[in-house]
Amino acid sequence: LLDDFSINANEKTGVSVITMSKTPANSLNLEFIQELSMAIQKLNMEKSCRGIILTSSLPSIFSAGLDILEMYQPEPDRLEKFWTEFQEIWLALYSSPKTVMSAINGHSPAGGCIIALATDYRIMKPKFTIGLNETMLGIVAPFWAEDSMKAVIGQRRSEYSLQLGKLYTAEEALQINLIDEISDNPLQACEDEMMNWLKLPDHARTLTKFQNRGHIIEKMKKGRKEDLEKFVKFIPREGIQMALGTYLDNLKSRKK
Ligand code: CO8
């Protein structure tokens, strides 16, 4: 395993905490997604595991989303693998039979928000930001991320947020139900909330989750090949590369 995350399993409660620790920003590159995805798929199949909490050890970032360098001047085979793995980790989370929570203890833009949206409950530290800001980079969030956003905050809010690439503070995110709670200690708060969820019989809770999410999961599985084809054609386009290059330059020069 990479050293970019750790898993701490509590045998008594059946809750595993996955802590992402890939400096500087928990940005999701191919290898990181692959390893995380495998870990989640393994936990999904483990009988003794009943709950999963995702969090970060970085002081101010949950995840900065996809590693922009995977999309900037990409190598075609790797780009295809990259997106396939991102689809895969989303499916593993969104259709996990376990109770999955996000302890969002830092910024969580774009892919970071997509990951958090794929869990069942989100608790966030005050002041940090979250949202699907893809349009700010000149790219478009995939339909399945959009569907999961709609399922959480509703069609109108979602359309508005996605078109404008809105990043919300935790306080604003709570108001529109993008997150469920604010806490200075999101991990502890998730561990506490998890106990409420684990009081229910797993099979009933899981079947209810699938009943709610089934149509979104089926639509994603049906459309994933086309979504991949679209992505690998779209990203290398000259205009998209220019927009990504400018965004990267701005990101780097912000601090100077
Ligand atoms: N990819 C690559 N590198 C990144 C990323 C990223 N997503 N985010 C940050 N970094 C780098 C920074 O460039 C910086 O590098 P260096 O130290 O070499 O200058 C380092 O990580 C640390 O970042 P900051 O200094 O900016 O840290 P701050 O604590 O000041 O800010 C933020 C943290 C708010 C997270 C800030 O870094 C930020 O805004 N990052 C960009 C976030 C973003 O817009 N991500 C979008 C990624 S694209 C995506 O996820 C798309 C999903 C769907 C794709 C659909 C395609 C069709």
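Counting starts at 1 for both ligands and their atoms, in listed order. These values consider heavy atoms only, across backbone and side chains, with no hydrogens, waters or symmetry-generated copies.
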When you measure from [atom] to every protein heavy atom, which one gives the shortest distance, and what is it?
| atom | value |
| --- | --- |
| atom 51 (C) of ligand 1 | E134 OE2, 3.6 Å |
| atom 46 (C) of ligand 1 | A110 CB, 3.4 Å |
| atom 10 (N) of ligand 1 | L251 CD2, 4.0 Å |
| atom 45 (N) of ligand 1 | A64 O, 2.9 Å |
| atom 2 (C) of ligand 1 | D67 OD1, 3.2 Å |
| atom 19 (O) of ligand 1 | K255 NZ, 2.8 Å |
| atom 55 (C) of ligand 1 | V140 O, 3.1 Å |

Any side-chain donor paired with an acceptor under 3.5 Å for [X] and [Y]?
| X | Y | result |
| --- | --- | --- |
| S161 | Y168 | yes |
| K199 | N196 | yes |
| T99 | R205 | yes |
| Q163 | E159 | yes |
| D120 | W197 | no |
| T84 | E80 | no |

Practice problem: Using non-hydrogen atoms of the residue, decide whether R254 is closer than 4.0 angstrom to ligand 1. | Solution: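 True for this residue.
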Taking distance alone, with N or O pairs closer than 3.5 Å, would you say [X] contacts ligand 1?
| X | value |
| --- | --- |
| Y247 | yes |
| I68 | yes |
| L66 | yes |
| A25 | no |
| L69 | no |

Quiz item: Can you find a protein heavy atom closer to atom 23 (O) of ligand 1 than 4.0 Å?
Solution: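 It does not; no protein heavy atom is within 4.0 Å.
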Quiz prompt | Option whose closest heavy atom lies nearest to atom 32 (C) of ligand 1, chosen from M136, H107, E70 | solution =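 Result: the heavy atom closest to atom 32 (C) of ligand 1 is in H107.
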Practice problem: Just go through Y72, W83, F86 and tell me whose heavy atom is the nearest to atom 54 (C) of ligand 1. | Solution: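 Residue with the shortest heavy-atom distance to the ligand atom: W83.
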Atoms in ligand 1 with a heavy atom of [X] nearer than 4.0 Å:
| X | answer |
| --- | --- |
| M71 | 48 (S) |
| I61 | 29 (O), 33 (C) |
| F231 | 56 (C), 57 (C) |
| G65 | 50 (O) |
| L137 | 44 (O), 46 (C), 48 (S) |
| K252 | 13 (O), 15 (O), 16 (P), 18 (O), 19 (O) |

Is the backbone N or O of [Y] less than 3.5 Å from a side-chain atom of [X], with the two atoms forming a donor-acceptor pair by type?
| X | Y | result |
| --- | --- | --- |
| K98 | C49 | yes |
| E218 | H215 | no |
| H107 | T129 | yes |
| N26 | K22 | yes |
| N44 | S96 | no |
| D147 | I216 | no |

Self-check item: Verdict with reasoning, W144 to F86, per ring-ring contact (aromatic ring centres under 6.0 Å, His included)
Solution: CA-CA 11 Å; W144 35 276; F86 188 49; 5.6 Å; yes
Self-check item: Residue part near ligand 1, for L248, under 4.0 Å between non-hydrogen atoms
Solution: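 L248 to ligand 1: no contact under 4.0 Å from either part.
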Quiz item: At under 4.0 Å between heavy atoms, which part of P24 makes contact with ligand 1: side chain, backbone, both or neither?
Solution: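 P24 to ligand 1: side-chain contact only, backbone stays beyond 4.0 Å.
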Practice problem: Flag yes if more than 12 heavy atoms outside M242 fall under 6.0 Å of its CE atom; otherwise flag no. | Solution: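 Not buried by this count: 12 neighbours or fewer within 6.0 Å.
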